[in-house]
Amino acid sequence: MTDEPAVVLSEDESWRRLGGVALGRLVTSFAGEPEIFPVNYVVQNRTVLFRTAEGTKLFSAVASNVVVFEADDHDATEGWSVIVRGRARLLRTAAEIGEAERAELRPWTATVKKHYVRVIPTDITGRHFTFGPEPDPHATVA
């Protein structure tokens, strides 16, 4: 990437990285309180698609005006984080569900997850981080 410790990723690179991992976090609001849920997901047509059962995750996702989805990855020397802001929609029509099923998204846990939810983005931002020691705050800049 670059020698900078933090670099903003392009929209295309943010989607590429988001599509390269399978576990993220969905942030919603329920009864005025923030909620966060780990979800396995796929990227499909520049949206985030996940499956869920009935419950707080489903209700709070589709009832919220805005949801936030975050995924990241790292190794010993570098990492990245991508955040998607948008609206979560419960897929209802046969065409929507058929398209979602083509993504072959399978639950990680041995539970029935009947509902597909798609996060339609309004914004995506990504950052790449290069890890290293903290600079000396007393060093003079030339």
Heavy-atom side-chain contact between [X] and [Y] under 4.5 Å:
{"X": "Val117", "Y": "Leu58", "result": "yes"}
{"X": "Glu13", "Y": "Trp80", "result": "no"}
{"X": "Val68", "Y": "Val84", "result": "no"}
{"X": "Val39", "Y": "Thr52", "result": "no"}
{"X": "Leu90", "Y": "His115", "result": "yes"}

Can [X] and [Y] be counted as having a side-chain donor-acceptor contact under 3.5 angstrom?
{"X": "Thr130", "Y": "Glu4", "value": "no"}
{"X": "Gln44", "Y": "Arg118", "value": "yes"}
{"X": "Asp75", "Y": "Thr77", "value": "yes"}

Open item on the list: For the CZ atom on Phe59, are there more than 12 heavy atoms of other groups (residues, nucleotides or ligands in this structure) within a distance under 6.0 Å?
Closed with: no
- [ ] State whether the number of non-hydrogen atoms from other residues, nucleotides or ligands found under 6.0 Å of Arg85 atom CZ is greater than 12.
- [x] no
Checking the side chain of [X] only, and the main-chain atoms of [Y] only, is there a donor and an acceptor separated by less than 3.5 Å?
{"X": "Arg87", "Y": "Ser64", "result": "yes"}
{"X": "Asn40", "Y": "Arg106", "result": "yes"}
{"X": "Glu96", "Y": "Thr93", "result": "yes"}

Just how far is it from atom [atom1] of [X] to atom [atom2] of [Y], taken to the nearest 0.5 Å?
{"X": "Thr28", "Y": "Phe37", "atom1": "OG1", "atom2": "CZ", "result": "4.5 Å"}
{"X": "Ser81", "Y": "His74", "atom1": "OG", "atom2": "NE2", "result": "12.0 Å"}
{"X": "Asp12", "Y": "Arg16", "atom1": "CG", "atom2": "CZ", "result": "10.5 Å"}

TODO: Indicate, with yes or no, if the rings of Phe69 and Tyr41 have centres closer together than 6.0 Å.
DONE: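 Yes, ring centres under 6.0 Å apart.
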Task: Minimal non-hydrogen separation, Leu105 against Leu49, with atom names - done: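 That closest heavy-atom pairing would be CD2-O, 3.4 Å.
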Task: N-O pairing of Glu11 and Arg46 below 4.0 Å - done: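 Salt bridge between Glu11 and Arg46, a charged N being under 4.0 Å from a carboxylate O: yes.
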Open item on the list: With salt bridge (charged side-chain N to carboxylate O under 4.0 Å, His left out) as the criterion, how do Arg17 and Asp72 come out once you've worked through the C-alpha distance, each side chain's angles and the decisive distance to 0.1 Å?
Closed with: CA-CA 8 Å; Arg17 296 208 186 184; Asp72 53 55; over 6 Å; no
